[in-house]
There are 2 protein chains.
Amino acid sequence: MTAIRTARERAREELTREIKLEARRQLASEGAQRLSLRAVARELGMASSAIYRYYPSRDELLTALIVDAYTDLADTADAALAAAPTTPRARWRALCTAVRGWALAHPHEYALVYGTPVPGYRAPQETIEPAARLPLALIAVAREGRPDTPAQDTPAPPAPAGPLGEQLARLRAELAPDLPEAVLARAAIAWTQLFGMIGFELFGHLAGSFDPADAFFAHAVEEMADLVGLPAEV
Amino acid sequence: MTAIRTARERAREELTREIKLEARRQLASEGAQRLSLRAVARELGMASSAIYRYYPSRDELLTALIVDAYTDLADTADAALAAAPTTPRARWRALCTAVRGWALAHPHEYALVYGTPVPGYRAPQETIEPAARLPLALIAVAREGRPDTPAQDTPAPPAPAGPLGEQLARLRAELAPDLPEAVLARAAIAWTQLFGMIGFELFGHLAGSFDPADAFFAHAVEEMADLVGLPAEV
DNA sequence: CCGGAGTCAAGAGCAGTGCTCTCGTTTCAG
DNA sequence: CTGAAACGAGAGCACTGCTCTTGACTCCGG
């Protein structure tokens, strides 16, 4: 679509990519805190001031890395879903496991997007779309787990009222009209649980209790699948 | 117990405290990232090098702030519990609400302890005891919610086997012999959910969905109370 | 083909950081 | 009272993000 016309534009595009790539390398090995524009420039053999022709500030570079991280995580999750079996519970398991696997493989990227934001940082519009992909995937699997006919043995819990009811109604209308609001709320709870648990594991808060956290993670995933009402496996 | 003998020791103790106090002020207003030893020294009217007589490094100062934050949070939670009604569910609610309230009132302190840790940071022994107080409080309330006689209408879920079973058995023996292991696991799940949700709210991940998060928070607290088996209120 | 306009890399420089070292001074203890 | 330990101040080092200037390069229209 956007053909690169001049050699200058081509060089610019390539350098922009290379800077981000080297920055991502340093992010992966050193963490966002220690990522240094000057070190990136040094590694690329250019003056530190030249970086600013491509990224107006360190925060902008970090934002690009954030978008990439969200996208990479969501791609990983999508790939896991594509390779997963067809039962909703197995897909839920595959999704959650993929998220954890990505987090353990890319701890600094995970910390960058789900850890402490930089004090003055406001998430630009471009980050919210890739960031939303993962909760959307969770909701999608939750929808797959809905029975075709409303169950009669386990009555649906009452829909929350008040402000939460309005928020849920809005979300439901936008992305899951077939999901009861109570179930949507539970999916959101499972969402926060998943990332809370992964964050705890990654940041060492489970060190004294569930040190190899694999079993605890797997168990929690099942409990959350129960919570959102995914049918048990036969 | 430890009487301060000399004037030098007294001055040292006081300065140590004042440095931490000023650091805490800057942490609260600027965040851990922007906390600067030199700024602390400047505010206290001393040379920056003098700080190092009291805290050997910035990380050590941060560690002291971390211990204080954990302690402050746990104290707040304990106070909320002391002022709470007697029913387990009300106490659970009070506890969770107090944690969220503290987090919202002290976002940078919360981010310091539950957000991204500094890359090379290993939690010293002195931090784990105050850090454990809050999960212990959650477990304590979960124990209050146990029926005096084992319920027969809702059979206890089977205890997890495998490595998780061993971890749960160890935890249970240490801190909650009267709690079934499955319930202990659910309390841990609720623990991670609580902090995941608070972190999400604080770091802006709920901005597009549950923006005033109060109602969602309250709802999730009830759902988690259900999960750990706290009796519903009459 | 060529000259002005826009783009670029490089370097110096600013203000700030954590941290170290030295150097007098103060304070404590034997 | 004296030697040793503790202390505060200041200079200095190696960094950081970022800005500004300078000179060279590339492109595009005439």
Side-chain angles (χ1 to χ4, degrees), chain A residues 2-20 22-27 29-66 108 112 117-121, chain B residues 2-20 22-27 29-66 108 112 117-121:
Chain A
T2 54
I4 299 170
R5 287 173 302 191
T6 75
R8 175 170 274 173
E9 284 185 37
R10 163 175 269 107
R12 177 175 187 83
E13 176 130 327
E14 180 155 348
L15 246 184
T16 306
R17 197 167 33 235
E18 265 183 45
I19 290 172
K20 192 169 70 176
E22 173 61 29
R24 189 202 270 277
R25 254 197 294 271
Q26 296 198 10
L27 167 65
S29 68
E30 302 287 334
Q33 183 108 12
R34 299 185 201 259
L35 185 139
S36 145
L37 282 192
R38 293 179 108 112
V40 170
R42 223 175 296 137
E43 209 66 28
L44 262 49
M46 55 168 64
S48 67
S49 57
I51 300 276
Y52 290 86
R53 298 255 172 214
Y54 301 87
Y55 293 93
S57 74
R58 200 187 102 113
D59 271 16
E60 297 275 345
L61 217 193
L62 281 180
T63 297
L65 293 177
I66 287 174
H108 288 128
L112 176 64
V118 182
Y121 190 79
Chain B
T2 54
I4 299 169
R5 287 175 300 192
T6 75
R8 176 171 273 174
E9 285 186 35
R10 163 176 268 106
R12 177 175 188 84
E13 176 130 329
E14 179 155 347
L15 246 183
T16 306
R17 197 167 34 235
E18 266 183 44
I19 290 172
K20 192 169 71 176
E22 174 60 30
R24 189 202 269 278
R25 254 196 294 270
Q26 296 197 11
L27 167 66
S29 68
E30 302 288 333
Q33 183 108 10
R34 300 185 201 260
L35 185 141
S36 145
L37 283 191
R38 293 179 109 111
V40 170
R42 222 175 297 136
E43 209 65 27
L44 262 50
M46 57 168 65
S48 67
S49 57
I51 299 275
Y52 290 85
R53 300 259 177 213
Y54 301 88
Y55 293 93
S57 74
R58 201 187 103 112
D59 271 16
E60 296 275 346
L61 217 193
L62 280 181
T63 298
L65 292 178
I66 287 173
H108 289 127
L112 176 64
V118 182
Y121 190 78

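Chain A is the first sequence line, chain B the second, and so forth, proteins listed ahead of strands; every chain is numbered from 1.
For the pair Gln33(A) and Gln33(B), the tightest heavy-atom approach, listed with the atom from each and the gap, is OE1-OE1, 3.8 Å. Here the closest non-hydrogen pair linking His108(B) and Leu27(B) is CB-O, 3.2 Å.
Note on Tyr54(A): a side-chain N or O is less than 4.0 Å away from OP1 or OP2 of dA9(C). Within the 4.0 Å cut-off from OP1 or OP2 of dC7(D), at least one side-chain nitrogen or oxygen of Arg12(B) is found.
Between the side chain of Arg58(A) and the backbone N or O of Leu35(A), at least one donor-acceptor pair lies under 3.5 Å. Although no hydrogens or angles enter the test, the distance criterion places a donor-acceptor pair under 3.5 Å between the side chain of Tyr55(A) and the main chain of Thr16(A). Within the 3.5 Å criterion, the main-chain N or O of Arg12(A) finds no donor-acceptor partner in the side chain of Arg53(A).
Ile51(B) comes within 4.0 angstrom of nothing in the nucleic acid, heavy atoms only. Using a 4.0 Å heavy-atom cutoff across all strands shown, Leu44(B) reaches no nucleic acid atom at all.
Taking atom OH of residue Tyr52(A) and atom P of nucleotide dG11(C), one finds them 16 Å apart after rounding to whole Å. With rounding to whole Å, Leu35(A) atom CG is found 15 Å from dC15(D) atom C1'. Counting to the nearest Å, the P atom of dG18(C) and the CZ atom of Arg34(B) are 13 Å from each other. When rounded to the nearest whole Å, the span between CE of Met46(B) and C1' of dC19(C) equals 16 Å. Between the CD atom of Gln33(A) and the P atom of dC15(D) there is a distance of 18 Å, given to the nearest Å. Taking atom OH of Tyr55(B) as the reference point, atom P of dG18(C) lies 15 Å away to the nearest angstrom.
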Footprint string (nucleotides 21-30 of chain C, 5' to 3'): B base within contact, S backbone only, - free, heavy atoms under 4.0 Å: B----BBSS-

Give every donor-acceptor pair under 3.5 Å between a side-chain atom in residues 39-50 of chain B and any protein atom, sequence neighbours left out.
none

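A salt bridge links Glu22(B) with Arg25(B): the closest approach of a Lys/Arg side-chain nitrogen to an acidic carboxylate oxygen falls below 4.0 angstrom.
Along DNA chain D, the nucleotide closest to Pro56(A) and the one closest to Arg42(A) are compared, and the more 5′ of them pairs with Arg42(A). For Leu15(B) and Ser48(B), each mapped to the nucleotide of DNA chain D holding its nearest heavy atom, the one lying further toward the 5' end belongs to Leu15(B).
Considering only side-chain atoms of Arg58(B), the nucleotide from dT16(D), dA9(D), dG18(C) that sits closest is dG18(C).
Side-chain atoms of Arg38(B) come within donor-acceptor range of the base of dG18(C), with a qualifying N/O pair under 3.5 Å.
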